[in-house]
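I have placed the structure first, in the form of structure tokens, so that the comments after it can refer back to it.
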Amino acid sequence: MTVRTRFAPSPTGYLHIGGVRTALFCWLFARQHGGQFILRIDDTDQQRNVAEALEPILRGLRWLGIDWDEGPEVGGPYAPYYQSQRTARYRAAVERLLACGAAYRDYATAAEIQAEREAAERDKRLFVYSRRFMAETPEQQARFEAEGRQPTIRLKMPRQGKLVLDDIVRGQVEFDWVNEQDHVIQRADGSFLYALANVVDDEDFGITHVIRAEEHLSNTPRQVFIIQALGYRQPQYAHLPFVAEPGSKNKLSKRKLKTYLKNRDFAELVAHGEKILRALGCPQPGESFNPVMVEFYERIGFLPEAIINYLALLGWSLDDRTEHFTRHELVEKFSLQRVNKAPASFDPKKLMAFQQRHMQLLPPERKVELVLPFLQGAGLISHASAAVREQVAQVVRAAGDRITIAGDILEFADFFLPDDELPYDQAAFDKNLRADHAAELLRQFRDRLAAVQQFEPPALEALLRDFVQERGIKTGQIIHPLRVAVTGKAIGMGLFDTLAILGRQRCLSRIDRALALL
RNA sequence: GGCCCCGUCGUCUAGCCAGGUUAGGACACGGCCCUUUCAAGGCCGUAGCACGGGUUCAAAUCCCGUCGGGGUCACCA
């Protein structure tokens, strides 16, 4: 039997990081077994523009390399993959459910059901619908309809016995049928509800493994009931623990960004992202610029493989020490049996650590490619000619681990600015250039720079060391003013690399400008 | 509240099923080293079995209970 898994997002306009984790596990499982991963769109409840709300989700999945074998844009043998286009299938299923007595027309109003529920609550007894408005014969139907009532279709759930579910992640889970309600599967207006649509689609698509978040565990019994009534093959279930908020066990939610911002690590990540966005000239990040959404990471230059690696370890582990996985290794090593039962909190710091590790492992040429769009986006370079590429490569090489995410290249914008437009960090300028003897030393060293033969890091370093020794000063007395003069900042990569990358002319002109500003 | 699920360092986790580990790793944190700043790197360290009872020579591991957290109870998905 070929393994077939599916991910079923609603077109909400954004891709939630918890959703990605679910999609990833489905995808890994399918790929590992040489099966198919299917994307199905749960748009039964959507009034708005589905295509537009779906686009960010498809884009996010593609960016992460979670590709689907069947679904939107790629089609497949069981098309359509949009629930809104599959209503004929649902209607047929409801007809069969009605015919075999597993469902019935119910003419109760929402208020009448609610009243029963409240009465039960008041008496502290379990609410079980009286089925007072259940119509199983044409005569009963006619009578209720004569009263002007509209029917919904409800499941006629068993009221005794229990369901034992074998969940790959959670083991055996038992439910008493009596606790289940006669759930509505078709509304009075004829539209269908999730439980029904979901089960019919899974059958139609030949889904063998339903891998989904934990919040679906408690509505599995009603689905199993439909499956059994219709004689469908029951898929294997694997209910994943949800992804929790940083430092809490609550489910991660896109709406609570403000609360998360109180978490130091989370706030730091956001601040890091906003800094990059500002450097790109977009001061208005928009509401999807939020670490709960994958779009956030794409915009500031995270590596998809780092996110995949981190997310894979959120609820799954191979052993007691392996943490670094390539996509290929994950496909090979992943297993649902080793998925954890307890929810895992999203930890921005640890995500960053994975990003850093994956970035360190990247060949410099690839880093250059990653970084170019950011330089272009910030208007620092116009086109990627060979010469520009070479300069960028030099900066990337010298920056080393200081570029943790691609957008960090903008920390080194000063290399790409015209000399007379270099901004100075005022505090750094005052502290270092207005220090005792700083200007005088800088002026003297400027002349050495003008005269030195080789403008390369080793020669420059030798030049500076000699200068320091000759003058009997501390290294910092010249190095700090020099750094501020040529980069505008007190922090940055190695100074000799900086000088060499800028080249003699630009160094001299920047020093002159700084001296003139004193 | 009913039902269901979950509880190992601050966080992610290994160990639990088949009892015996100085309870291991990673992130974070702290210290030291390196150092021209900032990073990176190296070394060292702080820190945990929710609690209470059993069973047993021996319990993180098995059993019972308590407490705590979460999910779900829609004509949402």
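Throughout, a chain's letter reflects where its sequence line sits, starting with A, and its residues are numbered from 1. Remember, predicted model here, so these are calculated numbers, not experimental data.
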Checking contacts here: which listed nucleotide ([options]) is nearest the side-chain heavy atoms of [X]?
X: A:Lys349; options: B:rA77, B:rC29, B:rG15; result: B:rC29
X: A:Lys350; options: B:rA26, B:rA74, B:rA77; result: B:rA26
X: A:Asn340; options: B:rC73, B:rU11, B:rA14; result: B:rA14
X: A:His480; options: B:rU37, B:rG71, B:rC12; result: B:rU37
X: A:Glu323; options: B:rC27, B:rG25, B:rA77; result: B:rG25
X: A:Tyr194; options: B:rC6, B:rA77, B:rG2; result: B:rA77
X: A:Phe175; options: B:rC75, B:rU72, B:rC4; result: B:rC4

Think [X] has a side-chain N or O under 4.0 angstrom from the OP1 or OP2 of [N]?
X: A:Asn219; N: B:rC4; result: no
X: A:Arg222; N: B:rC73; result: no
X: A:Ser218; N: B:rC5; result: no
X: A:Ser345; N: B:rC12; result: yes
X: A:Ser317; N: B:rA14; result: yes
X: A:Lys474; N: B:rU37; result: no
X: A:Asn179; N: B:rG2; result: no

Would you call A:Glu116 and A:Phe127 a side-chain contact if the rule is heavy atoms closer than 4.5 Å?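 Touching, per the 4.5 Å side-chain cut-off.
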Going by the angle between their ring planes, with limits at 30° and 60°, are [X] and [Y] parallel, tilted or perpendicular?
X: A:Phe25; Y: A:Phe334; answer: tilted
X: A:Phe412; Y: A:Phe415; answer: tilted
X: A:His216; Y: A:Tyr194; answer: tilted
X: A:Tyr90; Y: A:Phe192; answer: perpendicular

If you restrict it to nitrogen or oxygen atoms, what contacts under 3.5 Å exist between nucleotides 40-51 of chain B and the protein, and what is each distance?
residue, atom, partner, partner atom, Å
B:rA40, O3', A:Gln360, NE2, 3.2
B:rA40, O2', A:Asp401, OD2, 2.3

For the P atoms, the ones on B:rU35 and on B:rU46, what distance do you get once it is rounded to whole angstrom? 28 Å
* To do: Pick the C1' atom in B:rC6 and in B:rG24, then give their distance to the nearest Å.
  =>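 B:rC6 and B:rG24 have their C1' atoms separated by 23 Å.
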In A:Arg154, A:Arg132, A:Arg149, A:Lys156, the residue satisfying salt bridge (charged side-chain N to carboxylate O under 4.0 Å, His left out) with A:Asp106 is A:Arg154
Between A:Glu214 and A:His183, the residue closer to the 5' end of RNA chain B by nearest nucleotide is A:Glu214
Review item, nucleotides 31-33 of chain B N/O atoms under 3.5 Å of protein N/O:
none

Result for ring-ring contact (aromatic ring centres under 6.0 Å, His included) between A:Phe325 and one of A:Trp316, A:Tyr310, A:Phe354 points to A:Trp316
Quick one: are the ring centres of A:Tyr424 and A:Phe429 less than 6.0 Å apart? yes
Under a 3.5 Å limit for both distances, which nucleotide forms a Watson-Crick or G-U wobble pair with [N], could you say?
N: B:rG1; result: B:rC73
N: B:rU56; result: none
N: B:rC29; result: B:rG45
N: B:rC51; result: B:rG65

Residues A:Glu245 and A:Tyr260: side-chain donor-acceptor under 3.5 angstrom: yes
Answer yes or no: is there an ion pair linking A:Asp182 with A:Arg159, defined by an N-O contact shorter than 4.0 Å?
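Yes, A:Asp182 and A:Arg159 are salt-bridged.
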Notebook entry, point to check: Would A:Lys251 and A:Glu214 pass as an ion pair if we require N to O under 4.0 Å?
Noted result: no
| message | Using a 4.0 Å heavy-atom cut-off, does A:Phe242 contact any base of the nucleic acid, only the sugar-phosphate backbone, or nothing at all? | response | sugar-phosphate
